[in-house]
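Input: a single structure, listed below in structure tokens.
Below, read A as the first sequence line, B as the second, and so on, with proteins coming before strands; counting in each chain starts at 1. Computed from a predicted model, the values in this text were never measured in an experiment.
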Amino acid sequence: MIISIKSSFDLESTLFSGQVFRWQKFDGWYFGVIFDHVVKIKQIDNSIEVYCENTDKFFVSRMLSKYFNLDLDIDEVYNQLPKDEFVQNPIKKYKGMRILKQDPWECLISFICSSVSNIKRISKNIEDLCINLGNNIHLGSYSRQSFPTPQDIIYAGPDFLRELKLGFRSEYIYQSAKMIESGEVNLEELYSLSYDESLQTLVSLPGVGDKVANCVLLFAFNKLDAFPVDVWINRAITRNYLKGEKLPPLHVRNWSRNYFGNYAGYANHYIFHGIRLQD
DNA sequence: GTGAGGCCTTCAGC
DNA sequence: AGCTGAAGGCCTC
């Protein structure tokens, strides 16, 4: 099945820019799991080829269209960002890289795992969680696992998470799972809340500070004005726009949201991807 | 209100 | 070989 896309598209950059950690590439095909579905896709020109097998094509098409946010005209996003070359250069270079609409729960746990870590280790942590605690799912002879539910995490317990080498993040993940399972925090309702309100809810979870919360708002909840500030972004923004002044992350976040506007999150991700790949 | 130190584990660099 | 520091942050004192 072919899904054609109206605006720019770059599948490789989209899947391997550090916003999501479960995609694997073999023989030019990208294999991933979206909710409980194994997906096999590749890019052909400006469209996505989807490998289907006994699956409802209409359903898969809708699912991917939502996941990649294909209704968003990304060229219009570029137009609305500032014209300075610091943001326009990586846009030119990785034109078509999209911000996904991931499963909030998986995204949350992924970014709790990201603290003092790196993409390679985060990916291994997440995959180990799925292999040990998820359900088997498959596409033809290709097998993967679904992302474990909060219940699965609670049942496993913090000691088991430590055995999976999640380190000090184990307690955070376990406690967050409990708060979500109990209903104390309801992720679904964040879709309809404002940036400030949803941010406030997310940072009430253990292991979730301003940076992690902004990642979840951006990569799962499609709040495109979210602006995660890690050490790299902090350095990049202060050096290029703020005279190299040493400023706290919150200050850089607020300045950037004001400067870049409604699509600040897109600016963030392009700048981040640019500096991450430049060595 | 702000800042330094500790935290699991891995991996690169001496 | 074995040590040391850093790695996409958060929490606590």
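Closest to the side chain of A:Val231, out of C:dG9, B:dT10, B:dC8, is C:dG9. The listed nucleotides are C:dA7, B:dT9, C:dG9; the one nearest the side chain of A:Asn118 is C:dA7. The side chain of A:Ile119 lies closest to C:dG8 when the candidates are C:dG8, C:dG9, B:dC8. In the set B:dC8, B:dC11, C:dC11, the nucleotide with an atom closest to the side chain of A:Lys120 is B:dC11. You'll find that the side chain of A:Val212 is closest to C:dG9, out of C:dG9, B:dT10, C:dG8.
When rounded to the nearest whole Å, the span between CG of A:Asn125 and P of C:dG8 equals 13 Å. Atom-to-atom, CZ of A:Phe168 to C1' of C:dT12 comes out at 14 Å; the value is rounded to the nearest Å. For A:Leu247 and B:dT2, the CG to P distance is 12 Å, given to the nearest whole Å. At whole-Å resolution of the value, CZ in A:Phe160 and P in B:dC8 are 19 Å apart. Taking atom CD1 of A:Ile173 as the reference point, atom C1' of C:dG9 lies 13 Å away to the nearest angstrom. Look at CZ on A:Phe227: it is 17 Å from P on C:dG8, rounded to the nearest Å.
Ion pairing between A:Asp210 and A:Arg253 holds under the 4.0 Å rule for side-chain N and carboxylate O.
When side chains are defined from C-beta on, A:Leu205 counts as touching A:Met179, because their heavy atoms get closer than 4.5 Å.
Scanning atom types as modelled, no donor and acceptor separated by under 3.5 angstrom connect the side chain of A:Arg169 and the base of C:dC10. Applying the 3.5 Å distance criterion, the base of B:dT9 shares a donor-acceptor pair with the side chain of A:Arg121.
In this structure C:dG9 sits in a base pair with B:dC7, meeting the Watson-Crick or G-U test at under 3.5 Å.
Residue A:Ser7 is tested with A:Lys95, A:Glu76, A:Arg98 for a side-chain hydrogen bond (donor to acceptor under 3.5 Å, both in side chains); the sole match is A:Arg98.
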> Could you go step by step and tell me if A:Lys93 and A:His273 meet the side-chain contact (heavy atoms from CB on, under 4.5 Å) rule?
Replying inline: CA-CA 10 Å; A:Lys93 202 163 171 187; A:His273 193 52; over 6 Å; no
